[in-house]
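In what follows, a structure is listed as structure tokens, so that the remarks can point back to it.
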Number of protein chains: 2
Amino acid sequence: MGDTLEESIRRHLAEKVDVRELSHLEQLETLSDPARSPKEWQLATAYLGLVPSDVDPELPGDTDWHPVDDLPALAFDHESIVPAGRERLRAKLSYTNLGFALAPAEFTISELRDLYAAALGHDVSATNLQRVLLRREVLEPTGRQRASGPTGGRPGSLFRFRTPELEITDQFAVLRPPGPARLPVS
Amino acid sequence: MGDTLEESIRRHLAEKVDVRELSHLEQLETLSDPARSPKEWQLATAYLGLVPSDVDPELPGDTDWHPVDDLPALAFDHESIVPAGRERLRAKLSYTNLGFALAPAEFTISELRDLYAAALGHDVSATNLQRVLLRREVLEPTGRQRASGPTGGRPGSLFRFRTPELEITDQFAVLRPPGPARLPVS
DNA sequence: TCAAAAGTGTTTATAATACACCCATGG
DNA sequence: CCATGGGTGTATTATAAACACTTTTGA
């Protein structure tokens with residue numbers, strides 16, 4: 001009572017995940033089938049919340065992480081919510097900087113590649129991922145490097161996301177406004 | 001009571017617009033600021049509804065059409081809903097076949113161009129619009145032609161949308177799955 | 001024969017993928 | 001000096017925008 005839906009979900013989530021660790025939260029959809037809950041007539045507004053890969057919150061006993069491709073049985077219409085969230089994440093990864101919400105503060109391209117591959121559900125080329133995100137100025141180098149692993153190999157450069165807030169980076173894929181090309185940064 | 005939100009909005013809209021004329025309806029967002037309504041605590045779920053350009057429904061006296069760029073003062077937080085709907089339409093026009101919801105059953109490319117231009121808010125080239133929508137197989141020719149106007153000019157061929165339901169036509173703009181190119185229709 | 005409107009052919013720009021090759025490190 | 005992993009250079013491909021030019025009509 002007296003909260004927005006977002007404040008409410010953040011407060012409820014705080015029992016499971018420290019709110020300061022939530023890197024992104026967005027509304028998905030309000031479900032309204034009168035039969036969705038067997039006992040009473042109830043609306044539910046679903047949200048997608050993301051947490052960076054380097055936080056591993058202590059979870060209460062009734063709560064656990066599950067691979068998105070291998071979920072246990074879910075109550076009511078919750079079955080449809082998870083794919084909706086995943087689809088939203090998948091889509092936004094390709095035209096926004098939303099990767100910031102999955103990655104730690106600093107990371108190598110390979111590490112980021114693995115996060116994208118997990119979220120998208122298919123292989124991602126580190127070469128191309130780097131080029132796309134650098135060209136769009138979503139990433140910037142930190143100058144630092146990660147030490148080599150125990151098996152050797154060239155140490156990877158560390159990058160960070162330029163801004164920790166959602167930005168659209170590929171606004172007009174098609175049917176974009178006419179006129180002379182926008183000035184490149186000079 | 002007993003309706004989904006969508007059934008409810010369709011029923012309410014039926015007083016203004018014949019439901020059979022609604023070509024598209026999709027949920028936008030649920031607004032939940034406790035102060036959004038001055039009298040009582042109230043949630044609102046906003047929808048985007050579209051009507052083809054060739055229907056001109058009889059409206060009740062308290063209702064009217066307004067240009068989206070020149071709206072009268074709106075109640076409560078309704079000010080933010082209209083831009084959200086417009087933005088959604090703009091975005092989906094570029095990666096889906098949503099144009100079907102704006103256009104009559106048959107139309108020339110020029111007529112369609114005018115609808116896209118109005119919805120997008122900038123000029124659209126009929127040449128390029130035709131190429132994009134034909135390549136994506138969103139449009140198909142009917143074989144018929146529109147008669148010339150009073151000032152002459154070559155008569156335009158008539159087209160229709162291939163499917164009258166929302167389809168994503170440009171799914172993987174970037175970060176698409178690797179592998180050999182998907183087979184063209186052969 | 002001219003103006004208006006539609007349509008086609010072709011060039012150009014750009015972005016992304018694919019792939020070959022080079023670099024830096026540990027054992 | 002070799003295996004391992006990271007990174008760069010470059011070719012290829014795809015898509016869309018831009019623009020010149022041709023076609024079809026009415027007056």
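A, B, ... follow the sequence lines: proteins, then strands. Residue 1 opens every chain. As a basis for the values below, the full set of heavy atoms in this structure was taken, side chains included, without hydrogen atoms, waters or symmetry mates. Keep in mind it's a predicted model, so treat the numbers as computed, not measured.
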Flag, side chain of A:N97 to backbone of A:E165, donor-acceptor distance under 3.5 Å = yes
note = Ranking C:dA16, C:dT17, D:dA17 by distance to the side chain of A:R135, first place goes to C:dA16
query = Roughly how many Å is it from CG in A:L139 to C1' in D:dG7, rounded to a whole number?
reply = 15 Å
key: Sidechain N-carboxylate O distance under 4.0 Å for B:E7, B:R11   = no
I'd like a table of atom pairs between the protein and nucleotides 10-12 of chain C - only N or O on both sides, under 3.5 Å - with the distance next to each one.
residue : atom : partner : partner atom : Å
C:dT10  : O4   : B:R131  : NH1          : 3.0

query = Rounded to the nearest Å, what distance is computed from the CG atom of residue B:L133 to the P atom of nucleotide D:dT15?
reply = 14 Å
inquiry  = Quick test of your reading of the model: are B:R162 and B:E167 salt-bridged, counting only N-O distances below 4.0 Å?
reply    = no
Please tabulate the protein-to-nucleotide N/O contacts below 3.5 Å involving nucleotides 25-27 of chain C, giving atom names and distances.
residue : atom : partner : partner atom : Å
C:dT25  : O2   : A:G153  : N            : 3.0
C:dG27  : OP1  : A:P150  : O            : 3.4

task = Verify the cluster assignment for A:L134 and A:F100: are they in a single hydrophobic cluster under the rule of side-chain heavy atoms below 4.5 Å apart?
result = yes
message = Taking B:E111 first and then B:R146, would you say they form a salt bridge - that is, a charged N and a carboxylate O separated by under 4.0 Å?
response = yes
task = Check every strand shown and say whether B:T127 touches a base, only sugar-phosphate, or nothing at a heavy-atom separation below 4.0 Å.
result = base
query = So, A:T169 side chain and A:Y95 main chain: donor-acceptor pair closer than 3.5 Å or not?
reply = yes
key: Sorted by number, the residues of residues 100-113 of chain A with heavy-atom contact under 4.0 Å to DNA chain D   = A:S110
ask   = For B:L129 and D:dA18, what is the distance between atoms CG and C1' respectively, to the nearest whole Å?
value = 15 Å
query = Between D:dG5 atom C1' and A:Q130 atom CD, what is the distance in whole Å?
reply = 14 Å
request  = Determine: side-chain N/O of B:R136 to OP1/OP2 of D:dA16, distance under 4.0 Å, yes or no.
outcome  = yes
query = Is a side-chain donor or acceptor of B:S148 paired with a backbone partner of B:G153 at a separation under 3.5 angstrom?
reply = yes
request  = Please answer whether the main-chain N or O of A:Q27 pairs with a side-chain N or O of B:E29 as donor and acceptor at a distance below 3.5 Å.
outcome  = no
ask   = C:dA24 C1' sits how many Å from A:R146 CZ, rounded?
value = 17 Å
query = Are B:F161 and B:F107 close enough that their ring centres sit under 6.0 Å apart?
reply = yes
task = Output yes when a side-chain donor or acceptor of B:T96 lies under 3.5 Å from a complementary backbone atom of B:L166, and no otherwise.
result = no
message = If you compare all heavy atoms of B:L133 against all heavy atoms of B:L112, which two are closest, and at what distance to 0.1 Å?
response = CD1-CD2, 3.7 Å
ask   = Between A:N128 (CG) and D:dT13 (P), how many Å, whole number?
value = 15 Å
